[in-house]
**Q** 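To start, I am sharing the structure in question, which I have written as structure tokens.
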Amino acid sequence: MKRSDDSEREKRRKRRRLLQELGEQKIPFLSPSDPGFQQLWDTSYSGLMLRRSGSLPPGLDERVQSALSTLRDRGCLLRDLVRVRERDVFTAVSRALVGQPGCTYRYLDTRLFTIPWHCEEDKGLGRNEGHGDKPCCDTGLRTACKALWELNQFFCSDVQLHQNRRTSKRKRSESEEEEGKEKPQSEGCSEDRTCEEKEERKSGDDSDSGQGCSRSSPHPSESGSIRFNITLINYMDPASMSQLKEEPYYGMGKMAVGWHHDENLVPHSPVAVYSYSCPGETKTEVVKPTEEKEGQTSTEGEKGDEARRDEEEEAGDEGTSKEEGEKEKVCWRVGLKVAWDIHTPGLALPLQSGDCYYMTDDLNRTHQHCVLAGDKARFSSTHRVAQCITGTLEYIQKRCSEALENLHTDPETGAKSLRSLLLSTLQHIEDIHNEVEFEWLRQYWFQGRRYARFCSWWSKPMERLETDWKQMERMTELLLAVVEDENNVQENRQEMAETLLNSLSDRQQHRQTWRDSSDPSRHGLHKTSEGAL
Ligand SMILES: O=C(O)CCC(=O)C(=O)O
Ligand SMILES: [Fe+2]
């Protein structure tokens, strides 16, 4: 729950200034039917790439779509309770994390635990951690996760291909410039970000072959192959969401996911998204703009959502002009804006079912994106290179072992004692104690273990972490005994007491925050009329 207060305050100030400058006006945004759309894309959103439906290898669309429906039908997709500006709110979209076994993804102070995907190359990865050969999920779910892994494989190579193309194009034009030649006029496909590039794929695709199975840490795209290690699956049926928030700055329409940067990714790594809108009846009444009154609250907290993610938040929520093209809103769209910029028009890109889009280069850092709801239920599978240096099971297990090294058990009496009383060692252990409690156990108890019904992969490892944590509680008690013992000749007893007191009061405060979060009466009662972004 730690946030840098200063940077939050600074962001708030910056936001207020921009909003003042903007006044009542909306910032323009362009859609494909608007003149200048392609040019705006090329100049201000060049890291965005669209792959029209039909780009996947034969049969994969069907497998992925059926996988997504399976996850929904099994009840695996759940709304996350996330923390935004010190309040707990439910996301409007339902989610699940699928990815490398043992990997987690942290966003908005919430840690999600992967349902492991399975791949042919490494049979062991699909097994139940700590349960020998027993599989962690049933066949249906395994098949679903495997399809998502296949999609991931496709994205790894396709995004790589796209990036290689861009790099060589850039190099070509740089050397042409150096030679004083005029830049050749871009024509047809070369500027069309939706073109197929099939020929190039045949000759240039050298980056797949099982890389998504790697258990090693992913490396940023710059140095070579892209390794998406997780996908965050989103699902929303607008028919069951009557109070979605209006996009407040551009008047783009109802948002399923508010403006944000994707958090906790390896710097400069790309994001690849597969969009699937379910076939079904058009429920146009749902997407018509509805009045949202000041001060209105949502019983489910759905309007609060990630709309308040990250950098920009306190915009008005006064709704958009009713004259806006209703037709456009039938389609799901991704909206993009340049971060902290109220002069560059926004971009709204409609997505047909089966379309994929990539955010490459630095787009996720320099820009924000949002998702604008269409009229049908829709899934997205958003593949990322999660920054998981401190987010894997392997990592936290190692940390726990480090801490427990300081616990000595007398082989004869079984009595426990601390090996070292060095302040730095004690502090280190208390830090690990906090980390395993707040970043893992509580996160898991709070919402990670809801997946245990479908997949038991995390059950045993979490039990083991809990055992380790209990040992650390024991170590804290032992330390307390040392500092309380007046006969103890330890010369730094005073400093030890201070270290312990600091740790204990931090822990106490942190536990209280968690207790508050776990109190259901606090959920859904947030004032949601406050602006988006
Ligand atoms: O659904 C999409 O197209 C993107 C969703 C998104 O931005 C997210 O999950 O972070
Ligand atoms: Fe996102």
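Source: prediction; values computed, not measured. We count ligands from 1, going down the list as the structure has it; atoms in each ligand are counted the same way. Residues: numbered from 1 along the sequence shown.
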**Q** Judged by non-hydrogen atoms, does V273 sit under 4.0 Å from ligand 1?
**A**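 Right, V273 reaches ligand 1.
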
**Q** Would you confirm whether the ring centroid of F446 sits within less than 6.0 angstrom of the ring centroid of W514?
**A**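 Judged by ring-centre distance (under 6.0 Å), W514 and F446 do meet the cut-off.
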
**Q** Between N164 and H162, is any side-chain donor less than 3.5 angstrom from a side-chain acceptor?
**A**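 There is no such pair between these side chains.
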
**Q** Answer yes or no for V257: is there a heavy-atom contact with ligand 1 below 4.0 Å?
**A**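 Not so, V257 does not reach ligand 1.
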
**Q** Considering Y276, Y357, Y235, which one's heavy-atom position lies nearest to atom 4 (C) of ligand 1?
**A**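 Selected option, by shortest heavy-atom distance: Y357.
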
**Q** Could you go through the salt bridge (Lys or Arg N to Asp or Glu O under 4.0 Å) check for K254 and E246 one step at a time?
**A** CA-CA 4 Å; K254 298 281 181 193; E246 288 288 341; 3.0 Å; yes

**Q** Partners of Y357 by ring pair (Phe, Tyr, Trp, His ring centres under 6.0 Å), sequence neighbours excluded?
**A**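 Checked Y357 against ring pair (Phe, Tyr, Trp, His ring centres under 6.0 Å); zero matches.
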
**Q** For the Fe ion (ligand 2), give me the closest N/O/S atom belonging to D262, just the atom name.
**A**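 Distance check against the Fe ion (ligand 2) picks out OD1 in D262.
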
**Q** Between Y274 and F379, is the gap from one ring center to the other below 6.0 Å?
**A**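 So the answer is no for these two rings.
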
**Q** Answer side chain, backbone, both or neither: which part of R384 comes under 4.0 Å from ligand 1, heavy atoms only.
**A**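 Looking at R384 and ligand 1, just side chain atoms fall under 4.0 Å.
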
**Q** Output the atom name for the N/O/S atom of H369 with the smallest distance to the Fe ion (ligand 2).
**A**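 It is NE2, the N, O or S atom of H369 closest to the Fe ion (ligand 2).
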
**Q** Quick one: which of N234, I233, L351 has a heavy atom closest to atom 5 (C) of ligand 1?
**A**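 Checking each option, the heavy atom nearest atom 5 (C) of ligand 1 is found in N234.
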
**Q** Taking the side chain as every heavy atom from C-beta outward, state whether C356 and L56 have any pair of such atoms under 4.5 Å apart.
**A**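 A side-chain contact under 4.5 Å exists here.
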
**Q** Looking only at heavy atoms, is any part of R95 under 4.0 Å from ligand 1, and if so is it the side chain, the backbone, or both, or is it neither?
**A**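 It is the side chain that gets close, since no backbone atom is under 4.0 Å.
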
**Q** Against heavy atoms of H369, which atoms of ligand 1 measure under 4.0 Å?
**A**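 Result: 7 (O).
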
**Q** Using heavy atoms and a threshold below 4.0 Å, how should the contact between R378 and ligand 1 be classified: side chain, backbone, both, or neither?
**A**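 The answer is the side chain of R378.
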
**Q** What atoms in ligand 1 come closer than 4.0 Å to a heavy atom of V371?
**A**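 Selected atoms, number and element: 1 (O), 2 (C), 3 (O), 4 (C), 5 (C).
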
**Q** Which of the atoms in ligand 1, numbered in the order shown and given with their element, are less than 4.0 Å from a heavy-atom of S380?
**A**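 Those of ligand 1 that fall under 4.0 Å from S380 are 1 (O), 2 (C).
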
**Q** Between D80 and Y107, do the side chains contain a donor N or O and an acceptor N or O under 3.5 Å apart?
**A**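 Y107 vs D80: donor-acceptor pair found between side chains.
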
**Q** Tell me if the centroids of the rings in F37 and W41 come within less than 6.0 Å of each other.
**A**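 Ring centres of W41 and F37 closer than 6.0 Å.
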
**Q** Kindly confirm or rule out an N or O of D262 lying under 3.5 angstrom from an N or O of ligand 1.
**A**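 Right, the criterion is met.
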
**Q** Treating H261 as the side-chain partner and H367 as the backbone partner, does any N or O pair qualify as donor plus acceptor under 3.5 Å?
**A**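 Side chain of H261 to backbone of H367, a donor-acceptor pair under 3.5 Å: yes, one is there.
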
**Q** By atom name, which N, O or S atom of H260 is the nearest to the Fe ion (ligand 2)?
**A**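 This turns out to be NE2.
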
